Amino acid sequence: MEKLNFVANGVVRLPPGFRFHPTDEELVVQYLKRKVFSCPLPASIIPDIDVAKFDPWDLPGNSERERYFFTKRESKYPNGNRANRATGSGFWKATGKDKQIVASRTNQLVGMKKVLVFYRGKPPKGSKTDWIMHEYRLSDSATRLSCISPQRKNSMQTPFLPSEDWVLCRIFLKKRSNRDDDEELIRPGIQDGFRDQTSGRAVLIDFMNRRNTEMDEASSDSEVSGITQISSAGSANEEITSSNNLSSSSPSSSPGREA
């Protein structure tokens with residue numbers, strides 16, 4: 001039977017109606033383990049890519065869906081075991097404890113899952129984003145139990161040897177709950193907002209706060225102008241009163257002159 005190939009130029013292209021939603025056990029046993037021991041894969045659906053050379057939003061495929069990649073672990077230092085997780089715009093940082101992946105039938109430990117979060121900037125500082133990576137690796141016991149080629153029919157089957165230090169990565173943009181979106185986007189004073197594709201975070205524009213500030217400034221200006229108008233009106237009244245007093249005093253002096 002011809003092996004199915006759904007990868008073209010690093011991008012997975014499935015027929016309409018098909019979805020790729022494997023479990024953790026399936027990713028480790030059916031895909032990663034076969035990749036490490038160079039066994040035939042169920043289908044060519046996970047491309048080989050150096051994840052460290054791409055920012056998560058620049059990886060091939062649809063960024064709005066989960067993407068799967070085989071990648072080789074690259075040591076950060078020549079004589080060390082610490083993986084290099086730096087990219088062009090930031091770095092991947094591990095969070096929490098690694099999760100054990102146990103085979104459902106044999107109840108044996110087959111792999112480990114590490115959860116990482118992408119940060120923009122340089123370590124140890126950086127701004128946290130909503131990009132998540134699940135990194136799967138084989139356990140030490142699984143590396144000693146190699147797979148057998150199904151094409152060999154004789155009883156003297158030779159196990160495959162581990163080829164390279166492969167890991168399998170699931171990368172996706174964490175979706176915020178409606179409650180979180182409501183708290184960030186539907187707050188008093190928030191009239192508009194948009195989401196930054198690189199960080200995955202909502203960027204908010206508070207127009208109401210700006211409007212309140214302008215109204216406060218306008219009200220303060222009107223108060224000052226009101227005081228000026230009152231004072232000027234008071235001065236005008238004083239001038240009218242004084243002129244009336246002069247007018248009333250002038251007729252009383254005229255009869256005195258005639259006498």
Side-chain angles (χ1 to χ4, degrees), residues 3-14 20-96 98-101 110-120 122-123 126 129-140 142-143 146-147 160-174 198 200:
K3 185 175 70 172
L4 299 177
N5 187 355
F6 299 106
V7 178
N9 298 325
V11 179
V12 178
R13 302 185 184 278
L14 294 176
F20 185 63
H21 293 298
T23 63
D24 291 347
E25 180 184 352
E26 290 171 343
L27 285 174
V28 171
V29 176
Q30 300 297 331
Y31 288 91
L32 179 58
K33 188 174 182 179
R34 290 173 176 268
K35 181 70 173 179
V36 170
F37 290 97
S38 300
C39 296
L41 297 174
S44 180
I45 196 171
I46 302 178
D48 299 349
I49 284 181
D50 188 354
V51 175
K53 292 184 178 180
F54 295 87
D55 293 320
W57 50 85
D58 290 334
L59 285 166
N62 189 351
S63 60
E64 297 181 357
R65 297 182 179 179
E66 293 182 345
R67 288 170 292 177
Y68 299 84
F69 304 101
F70 285 122
T71 186
K72 299 176 184 177
R73 294 189 64 182
E74 180 183 354
S75 299
K76 187 174 183 179
Y77 304 103
N79 297 327
N81 295 325
R82 189 175 181 181
N84 181 22
R85 305 191 188 280
T87 67
S89 300
F91 59 95
W92 291 97
K93 182 179 180 180
T95 177
D98 294 355
K99 176 185 175 182
Q100 294 183 349
I101 300 174
V110 293
M112 302 293 293
K113 180 172 89 171
K114 183 186 294 294
V115 180
L116 302 100
V117 180
F118 187 78
Y119 285 75
R120 292 179 64 94
K122 295 182 179 180
T129 70
D130 289 335
W131 287 101
I132 307 297
M133 176 195 295
H134 293 169
E135 183 186 86
Y136 299 88
R137 69 180 187 273
L138 293 181
S139 63
D140 294 337
T143 56
S146 62
C147 60
F160 287 83
L161 298 177
S163 56
E164 295 179 86
D165 193 9
W166 288 98
V167 295
L168 196 158
C169 299
R170 171 197 280 152
I171 299 176
F172 59 94
L173 183 63
K174 181 176 66 175
T198 59

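Please read all numbers here as calculations on a predicted model, not as lab measurements. FYI, the numbering just counts along the sequence from 1.
- Rounding to the nearest 0.5 Å gives a distance of 4.5 Å between CH2 of Trp166 and NZ of Lys35.
- For Asp24 (side chain) and Ile101 (main-chain N/O), no donor-acceptor pair under 3.5 Å exists by modelled atom type.
- When all heavy atoms of Val117 and Thr129 are compared, the pair lying nearest together is CG1-O, 3.6 Å.
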- What do the steps show when you test Ile49 against Thr71 for side-chain contact (heavy atoms from CB on, under 4.5 Å), and what is the final call? CA-CA 5 Å; Ile49 284 181; Thr71 186; 6.0 Å; no
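- Between the Asp55 side chain and the Trp57 main chain, no donor and acceptor come within less than 3.5 Å of each other.
- The shortest side-chain heavy-atom distance between Lys33 and Val110 does not fall under the 4.5 Å cut-off.
- Heavy-atom minimum distance, Pro56 versus Ile171: CB-CG2, 4.4 Å.
- Closest heavy-atom contact between Leu59 and Phe54: CD2-CB, 3.4 Å.
- Of the residues listed (Arg85, His134, Lys93), the one engaging Leu116 in a side-chain contact (heavy atoms from CB on, under 4.5 Å) is Arg85, and it is the only one.
- Of the inter-residue distances, the one linking Lys72 atom NZ with Asp50 atom CG reads 9.5 Å to the nearest 0.5 angstrom.
- The two atoms that bring Thr23 and Glu26 nearest to each other are N-OE1, 3.0 Å, heavy atoms only.
- Taken from CG in Asp98 to CD in Gln100, the straight-line distance is 9.5 Å, to the nearest 0.5 Å.
- Of the inter-residue distances, the one linking Tyr136 atom OH with Lys99 atom NZ reads 7.5 Å to the nearest 0.5 angstrom.
- Closest approach of Met133 and Cys169 over heavy atoms only: SD-SG, 3.9 Å.
- Nearest heavy-atom pair across Leu27 and Pro22 is CD2-CG, 3.3 Å.
- Between the CD atom in Glu135 and the CG atom in Leu168 there is a gap of 9.5 Å [rounded to 0.5 Å].
- Here the straight-line distance linking atom CZ of Phe172 with atom OH of Tyr68 works out to 9.0 Å at 0.5 Å rounding.
- Not a single donor-acceptor pair under 3.5 Å links the side chain of Arg120 to the backbone N or O of Gly90.
- Taking the centre of each ring, Phe20 and Tyr31 come in below the 6.0 Å mark.
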